[in-house]
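Numbering of residues begins at 1 and proceeds along the displayed sequence.
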Amino acid sequence: MMGQGMIEQRRLAAWGIGLAALVALPFVYRDPYHLHILVLILIWSFAYTSWSMMGRFGLVSLGHGGFMGIGAYVTALLWNHLGVSPWIGIPVSMVAAGALALIVGYPCFRFRITGHYFVLVTLALSGIVLQVITATRDYTGGSLGYTPNRTSGNKLLALQFDDKITWYLIALGVWLFGIVVWHWVDRSMSRYALEAISEDEDAAAAAGVDVTAEKLKITLLSALMTALAGAIYCQYQMFITPDTVSGIAVSLQMVFAAIVGGLFVSLGPTFGAVITILLAETLRIGFGTKAVGWDNLVYGVLLVLFIIFLPKGILGSVLDRLKPQRKVPRAHEQEAVQIARPGT
């Protein structure tokens, strides 16, 4: 017990030191471009962590691009057309994404639509949201993109800031919130219920687990967090397009990042975000417009390779190797134990 307690204390101390360093970073290193990259990594880390809430329990969704698109566009549309502050628009967009998640999720879970059938349903959801955004171009700008109106008044009320440090601290807070929620789910009773469901739904139901309710809860939580990620991304970038915040490409990006980083580790999606953002920036700087869409091709190829050869992801595999291995007694040691216990 003492050993376990010391390990927990060291872990908390490491988290505390790491968070202190992250908070101090923008005040020590102020390069605008690098702060911009860090903000993007933190926002997308939160989005990937949101997807992993479901993915780690075998609920593979390709509809999260739709939830993120709803979060971004509903917030921006309410601000531009009705003058509703993002402080109100963001919760409204989250409610809209949550309602859609329940509408799609309930019949799927109620009638046991699982596996690749569930993936196809969520794929359709993502495609429908993308098409609606594109088709309503008179309001959303369609494929040309959409820009929230810049305020000349209270920037806090409009959630618009020109300072990269302010956005870095906001993104850091959102990212930390995602990590806390991930650990909360990991230590809750719902985790064991969802793990039982992922292994065998019938056996879990026979043991008294409300399969539909547990699936709906984790789906709703994941959708709400993803919509928040979309809204924060929109407010930071101040320009969105259907392809950057919604659709199958965004959903696949989430799947790739979570799996490559480590689906069953809290910092796995963050590690995946570092890879995806740096890859996209490298292609953009190195090849410009010639590399448009290449990142999705690379994601697809790497995803297949990681699923086959490194299913625990990079960070998950590293941590697995660092865990102390239980020593297996040698033959003579086992014999000595038997001699010491003649009654056995």
Side-chain angles (χ1 to χ4, degrees), residues 1 3-19 22 41-61 64 67 94 98 101 105 109 172-201 203-204 207-229 254-274 306-307 310-324:
M1 292 296 291
Q4 187 66 27
M6 290 187 64
I7 291 174
E8 189 67 24
Q9 289 178 2
R10 290 178 180 176
R11 185 178 300 169
L12 291 175
W15 272 99
I17 295 171
L19 288 175
L22 288 174
I41 288 174
L42 290 170
I43 293 175
W44 281 105
S45 296
F46 178 69
Y48 301 154
T49 301
S50 304
W51 182 89
S52 72
M53 295 288 182
M54 290 179 62
R56 63 180 298 207
F57 298 114
L59 295 171
V60 179
S61 167
H64 275 55
F67 299 139
M94 292 171 66
F109 303 146
L172 181 63
V174 171
W175 170 79
L176 181 59
F177 169 71
I179 298 297
V180 170
V181 173
W182 194 98
H183 280 283
W184 172 72
V185 172
D186 188 60
R187 298 185 178 186
S188 68
M189 291 301 297
S190 292
R191 170 198 168 181
Y192 301 103
L194 289 165
E195 285 179 345
I197 292 170
S198 65
E199 292 292 332
D200 191 327
E201 282 196 19
V209 175
D210 190 334
V211 174
T212 301
E214 292 296 336
K215 284 186 173 183
L216 279 177
K217 284 192 295 184
I218 199 66
T219 300
L220 177 61
L221 177 63
S222 182
L224 292 174
M225 292 174 62
T226 305
L228 175 59
M254 293 182 185
V255 177
F256 167 79
I259 291 178
V260 168
L263 187 57
F264 304 100
V265 185
S266 61
L267 291 178
T270 301
F271 197 85
V274 173
F306 271 86
I307 290 175
L310 210 63
K312 292 185 179 181
I314 297 175
L315 188 59
S317 298
V318 170
L319 292 178
D320 194 49
R321 287 181 177 273
L322 292 177
K323 287 181 180 178

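Taking 4.5 Å as the limit, every side-chain heavy atom of Phe109 sits out of range of all side-chain heavy atoms of Ile197. At a threshold of 4.5 Å between non-hydrogen side-chain atoms, the residues Trp51 and Thr226 do not count as touching. When side chains are defined from C-beta on, Leu42 does not count as touching Phe46, because their heavy atoms never get closer than 4.5 Å.
When all heavy atoms of Met94 and Leu224 are compared, the closest pair comes out as O-CD2, 3.0 Å. Of all heavy-atom pairs spanning Ile43 and Ala229, the tightest one is CG2-O, 3.9 Å.
Val318 is linked by a side chain to side chain contact (heavy atoms under 4.5 Å, CB included) to Leu322, counting only residues two or more places apart in sequence or in another chain. A search for side-chain hydrogen bond (donor to acceptor under 3.5 Å, both in side chains) contacts involving Asp200 returns nothing, not counting sequence neighbours. Applying the salt bridge (charged side-chain N to carboxylate O under 4.0 Å, His left out) test to Glu195 and every residue at least two apart in sequence or in another chain returns Arg191.
For the atom pair CZ of Phe256 and CZ of Phe306, the computed distance is 6.5 Å after rounding to the nearest 0.5 Å.
For Trp184, the CH2 atom is loosely surrounded, since the number of other residues' heavy atoms within 6.0 Å does not exceed 12.
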Can you give me every donor-acceptor pair (side chain of residues 261-274, partner residue at least two apart or in another chain, under 3.5 Å) with its distance?
unit_1: Ser266; atom_1: OG; unit_2: His183; atom_2: NE2; d: 3.2
unit_1: Thr270; atom_1: OG1; unit_2: Trp175; atom_2: NE1; d: 2.8

Side chains of residues 213-222: which donor-acceptor pairs under 3.5 Å do they make with residues two or more places apart or in other chains?
unit_1: Glu214; atom_1: OE1; unit_2: Ser190; atom_2: OG; d: 3.2
unit_1: Glu214; atom_1: OE2; unit_2: Lys217; atom_2: NZ; d: 3.3
unit_1: Lys215; atom_1: NZ; unit_2: Glu201; atom_2: OE2; d: 2.3
unit_1: Thr219; atom_1: OG1; unit_2: Lys215; atom_2: O; d: 2.7
unit_1: Ser222; atom_1: OG; unit_2: Ser50; atom_2: O; d: 2.6
unit_1: Ser222; atom_1: OG; unit_2: His64; atom_2: NE2; d: 2.6

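Within the structure, every pair that satisfies the salt bridge (Lys or Arg N to Asp or Glu O under 4.0 Å) test and touches residues 310-319, not counting sequence neighbours, is listed here: Lys312-Asp320.
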